[in-house]
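Scope of the values below: all heavy atoms of this structure, side chains included, with no hydrogens, waters or symmetry mates. Just follow the structure's listing: the first ligand is 1, and inside any ligand the first atom is 1.
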Amino acid sequence: MKKKLTRWDLAEMKTKGEQVAWVTAYDFPTASFAEQAGMDMILVGDSMGMVVFGYDGTVPVTMEQCLMICKAVRSGAPNTWVIGDMPFMSYHVSPEQAVENAGRFIKEAAMDCIKLEGGVRVSAQIRKIVDAGILVMGHIGLTPQSSAALGGFKAQGRDVASARAVIEDALAVQEAGAFAMLVEGVPQEVTTFIAQKCHIPVYGIGAGLCDGQVQVVGDLLGLFTAFSPKFAKKYADLAQIETEAFKKYIDEVKNKAYPASEHMYPLKKGEDEALQKLFEEYAG
Ligand code: KIV
């Protein structure tokens, strides 16, 4: 049976220079396939807003949607480190609101830790959640929940002023007690500096090499076709496989090729005659 990693395993992997591979998941089967494949971690990302619910972004995602999906993923991957992503406005109001909602991910959905977006501006929230004994992963750089404030889904840290802001966020996240952080949409040079400067693991998405990588499952499996970020790499084209399968199914239903006899339940032996009599009873 697969052994679930601990925060100390993740810390040791950083020390040894071993990469951590993780992916998002939003349902039972995907979570179980990821676990069977040996994925180190799974993120129940608020990217579910786009990938599962078809919204334009992550902002409308609610606590209830996240918790329901976290529970499905936990059932599919009982032996994998699973991260619950805190949705927009579930931690922004106050440190008290943040700890209460973080607690729901742990208590109700059996998550191993939570992730939230922001650095300096949410350090009080991170500290409060950590003080409650809950592990926090920070998320800095391109933070999709604040994409309007950032002027769109734009890479961060590409000039010195912006790089300084990203570095300040990284230091604030570590200082507040986070056990790890995710850096999104940042140049390799800035990510390398942060990963070397910080003693906690620094993972990336669109941030070049660091202590490990995460991808959105819809991008990785070719299931999300609305757009493809520069950093996404497609390892399969499930959209094409699904569409082809649906087309074939429609065709077979229309042509009565499906269901065939092997898809039908046979009568019990010796019931034919009695059944004919039954039909006759009902006839005219
Ligand atoms: O919600 C999400 O999928 C994320 C990605 C950036 C990994 O946070």
Side-chain angles (χ1 to χ4, degrees), residues 19-27 30-31 34 39-63 65-70 72-73 77 80-92 101-102 105 109 111-119 122 126 135-147 150 152-157 166 169-170 173 178 180-186 191 194 201-208 210-221 223-224 226-235:
Q19 290 290 303
V20 174
W22 47 304
V23 70
T24 66
Y26 320 99
D27 57 42
T30 308
M39 200 67 73
D40 292 315
M41 303 198 288
I42 294 176
L43 168 67
V44 185
D46 64 350
S47 49
M48 70 176 76
M50 290 168 284
V51 181
V52 177
F53 297 107
Y55 306 151
D56 284 343
T58 57
V59 166
V61 173
T62 66
M63 275 296 294
Q65 287 170 327
C66 287
L67 289 173
M68 184 188 291
I69 288 188
C70 282
V73 169
T80 302
W81 183 277
V82 183
I83 304 153
D85 208 6
M86 295 191 72
F88 184 60
M89 277 299 143
S90 69
Y91 55 96
H92 303 74
N101 281 325
F105 278 93
M111 295 293 96
D112 294 295
C113 71
I114 60 91
K115 173 171 89 57
L116 52 75
E117 295 183 8
V122 292
I126 295 177
L135 290 168
V136 176
M137 178 183 284
H139 180 166
I140 60 166
L142 197 182
T143 45
Q145 289 174 10
S146 39
S147 60
L150 297 176
F153 291 93
K154 289 203 170 118
Q156 302 295 300
V166 178
D169 278 341
V173 164
M181 76 181 84
L182 174 64
V183 181
E184 177 169 357
V186 162
T191 307
I194 291 170
V202 174
Y203 305 118
I205 179 162
C210 41
D211 298 320
Q213 299 294 320
V214 62
Q215 272 217 80
V216 171
V217 71
D219 295 333
L220 191 155
L221 297 180
L223 268 172
F224 182 69
F227 63 88
S228 179
K230 177 180 169 58
F231 50 77
K233 182 167 177 189
K234 213 195 250 191
Y235 287 82

(message) If we only consider heavy atoms of H139, is any one of them less than 4.0 Å away from an atom in ligand 1?
(response) yes
(request) Answer whether the closest heavy-atom distance between the side chains of V51 and L223 falls below 4.5 Å. (result) no
(request) Before signing off on this row, confirm whether S47 and ligand 1 have an N or O atom pair separated by under 3.5 Å. (result) yes
(message) A side-chain contact here means heavy atoms from C-beta on lying under 4.5 Å apart; do Q65 and V52 qualify?
(response) no
(request) Report yes if some heavy atom in the side chain of Q145 is under 4.5 Å from a heavy atom in the side chain of H139; otherwise report no. (result) no
(message) Heavy-atom distances under 4.0 Å decide this one: backbone, side chain, both or neither, for T24 against ligand 1?
(response) side chain
(request) Considering heavy atoms of the protein only, find what lies nearest to atom 6 (C) of ligand 1 and give residue, atom and distance to 0.1 Å. (result) E184 OE1, 3.1 Å
(message) With nothing but distance in play, are any N or O atoms of K115 less than 3.5 Å from an N or O of ligand 1?
(response) yes
(message) Does any part of the side chain of K233, heavy atoms only, come nearer than 4.5 Å to the side chain of Q213, both counted from C-beta?
(response) no
(message) Can you classify the ring geometry of F224 versus F227 as parallel (below 30°), tilted (30 to 60°) or perpendicular (above 60°)?
(response) perpendicular
(request) Using a 4.0 Å heavy-atom threshold (strictly under), name the region of D85 that reaches ligand 1: side chain, backbone, both or neither. (result) side chain
(message) Angle between ring planes, W22 versus Y203, binned at 30° and 60°: parallel, tilted or perpendicular?
(response) perpendicular
(request) Measure the distance from atom 7 (C) of ligand 1 to every protein heavy atom, then report the residue, atom name and distance (to 0.1 Å) of the closest one. (result) L43 CD2, 3.6 Å
(message) So if I count the atoms of ligand 1 from 1 in the order they appear, which ones are less than 4.0 Å from some heavy atom of G45?
(response) 1 (O), 2 (C), 3 (O)
